[in-house]
Amino acid sequence: METVNGLRAERDRFLAFAFAAADALIEIGRDGAVRFAAGATRTLFGTPPEDLVGGSIFDHIFAASQSALHAALATADKQGRFAPTALTALTSGRALTVSGSCVPQLPGSVFLAFRANQATAAAAKPAASAQPPAAVDAADDPANRLLDAAAFDKVARQSMSAPGSQGQPYRVNLLATKGLAQAEGRLVKKGLGRELSGAIARLLKRRSVRGAATRLGDDQYAFISEHGASVDDLQAEIGALVRETAPEEADAIEVSGSSLQLTAQPGTEKDAMRALRYTLNQFTEGKSELTNREFVVKSPTLLADTVARINTLRSVITGHRFRLAYQPIVHLGDGKLHHFEALMRLADQASPASTVLFAEGVGLATELDLAVSSDVLAAVSRAKLQGMNHSVAINISGRSLMTEGFAADLSELLQSYRVDPGAILLEITESSRIGDLPAARETIDRFRAAGYPVCLDDFGAGSSDLQYLRHLAVDFVKIDGAYVREIRKEPRHVPFVKAIIQLCRDLDIRTIAEMIENAETVKILAGLGVDYGQGYLFGKPKIGLPTK
Ligand code: C2E
Ligand code: MG
Ligand code: MG
């Protein structure tokens, strides 16, 4: 008798506790058979509590959600409880969250606390289509705003070092909503606003850990969830949301999702995040040939490959496992050597262009630039001891210029070698990517003030070059090789080169032409007034600085 009372007390305590947060409480056996039900089951499942008892809970859950509930119950078996898990109810189509607990005194039972999803409930009102266009577009409502890329990365990184509530790693989920942007364009044209992405944003925010959801592109989202949460369920929920919010577009939007475990060796969270961001960017920037679905399926492999590539790159950088080739830059008037450009060479001697691009993509450009800089400084210092005064241009990624701490690190490095300013030039590459011009300007001004000349590389290759020249004061401009190589055969290049030269003259900037391969080109360029030249004609890049 005492035991039975004890069990009742235990159950009552659990009921009281669960009801504080739940809309309905259901006790099931391990096979899913409902033993007890209370609360708003009619609203949630379209069935009164008494009619649920005796049946199986799985009969009331959307097929796509059933595996999530099975997995959750398996977790409860091992750990005594499971974390909030998303499910969709079958009859009502409602999105629900369920959490579960076991009571030691009732070993065969699992108590499920169900909560209705507010977003679906709100979206269930046919408000968007029936009401006049809202004054505030749902997508612009601050409550619907998702995290920006930097804030999302931060939460993701933190989530990697701290496991979820069950001691299980969090998951990062990728959700492709193919056709959403186009569908929304049509809805906006009809004056219906962007209720749909507002509703999706609200749902994702609620389904994610610490609101960590972000929109990667028009038709892609990422969000972080508890281990037990299922992206399949969310897919179904979003499908339901689309049908409710914009039924006329339901067929035009294809939702697919995939999810990856957010795990990283302690101390490598940053690299794991780099890989994740890079992989996602490759996709959203259209650099991947894969379709949404293929990407979603392949993303775990892509991510693993990216992590492996980061590890290789990191060891190349930290172990200085590269060599430097030097290529001369000469005065076009008298052919005299002006300085060398240092060009990185990896073990295979192939062009480092793709490696540099990858380093930029995963945020390792600053490390790479600093490693190259220290090797160049060491080489210049060694040459000086042997009586050779060389000037060398170091390629610095535009990304590095905007990276906090880079200017200080490079300054320290330059000072530690005590080379003469003027012996080192800084050549800014990938200038088309400089997003934060004031930050770049501050860094450039600082080095120029310390006596280090600065050159803008590949001028004319990017669409924003003129803007850079307007904002950044530099000493040299290197005219992109694409104009130079073809100038003999392509007279249309001449007016462009002329214009660049005139502009640089007016700004008191000297010009360098790269990729000069023959004497005829020298003649044309010298005639146009280019100051310096670089190319195979004057010398190919060679490993090591000349010793005499
Ligand atoms: P870049 O800075 O514009 O370098 C010039 C590229 O043109 C080099 O390619 C060079 O080998 C090549 N080149 C030079 N003369 C000629 C010529 O007459 N004809 C032809 N066809 N090519 C010529 P490379 O070494 O493959 O480097 C490619 C790019 O990789 C560089 O373009 C630069 O953006 C980047 N890079 C190379 N080394 C470094 C580095 O240490 N740090 C950074 N951040 N970027 C680097
Ligand atoms: Mg260069
Ligand atoms: Mg160049």
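Counting starts at 1 for both ligands and their atoms, in listed order. Hydrogens, waters and symmetry mates are skipped; everything else that's a heavy atom, side chains included, is used.
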Relative to the heavy atoms of Pro541, which atoms of ligand 1 are at a distance of less than 4.0 Å?
11 (O)
Among Thr429, Ile396, Asp375, closest by heavy atom to atom 34 (O) of ligand 1 is Thr429
Please work out, at 4.0 Å between heavy atoms, whether the side chain, the backbone, both, or neither of Leu537 comes within that distance of ligand 1.
neither
With atom 37 (C) of ligand 1 as the reference point, say which of Cys455, Pro352, Gly535 has the nearest heavy atom.
Pro352
Sequence neighbours excluded, which residues qualify as salt bridge (Lys or Arg N to Asp or Glu O under 4.0 Å) partners of Glu442?
none
Are Glu341 and Lys478 within salt-bridge range, i.e. N to O under 4.0 Å?
yes
Going by the rule ring-ring contact (aromatic ring centres under 6.0 Å, His included), which residues pair with Phe152 if we only count those two or more places apart in sequence or in a different chain?
none
Can you tell which part of Glu341 has a heavy atom less than 4.0 Å from ligand 1: side chain, backbone, both or neither?
side chain
So is Lys540 close enough to ligand 1, meaning a heavy atom under 4.0 angstrom away?
no
Could you tell me whether atom 42 (N) of ligand 1 has at least one protein heavy atom nearer than 4.0 Å?
yes
Among protein heavy atoms, which lies nearest atom 28 (C) of ligand 1, and at what distance?
Ser351 OG, 3.8 Å
If you measure from atom 15 (N) of ligand 1 to every heavy atom of Gln534, Met515, Gln327, which option wins on shortest distance?
Gln327
How close does the nearest protein non-hydrogen atom get to atom 36 (N) of ligand 1, and which residue and atom is it?
Val356 CG2, 3.9 Å
Sorted by chain and number, sequence neighbours left out, side chain to side chain contact (heavy atoms under 4.5 Å, CB included) with Asp148 holds for Ala150, Ala151
Report, as a single number, the protein N, O or S atoms less than 2.8 Å from the Mg ion (ligand 2).
4
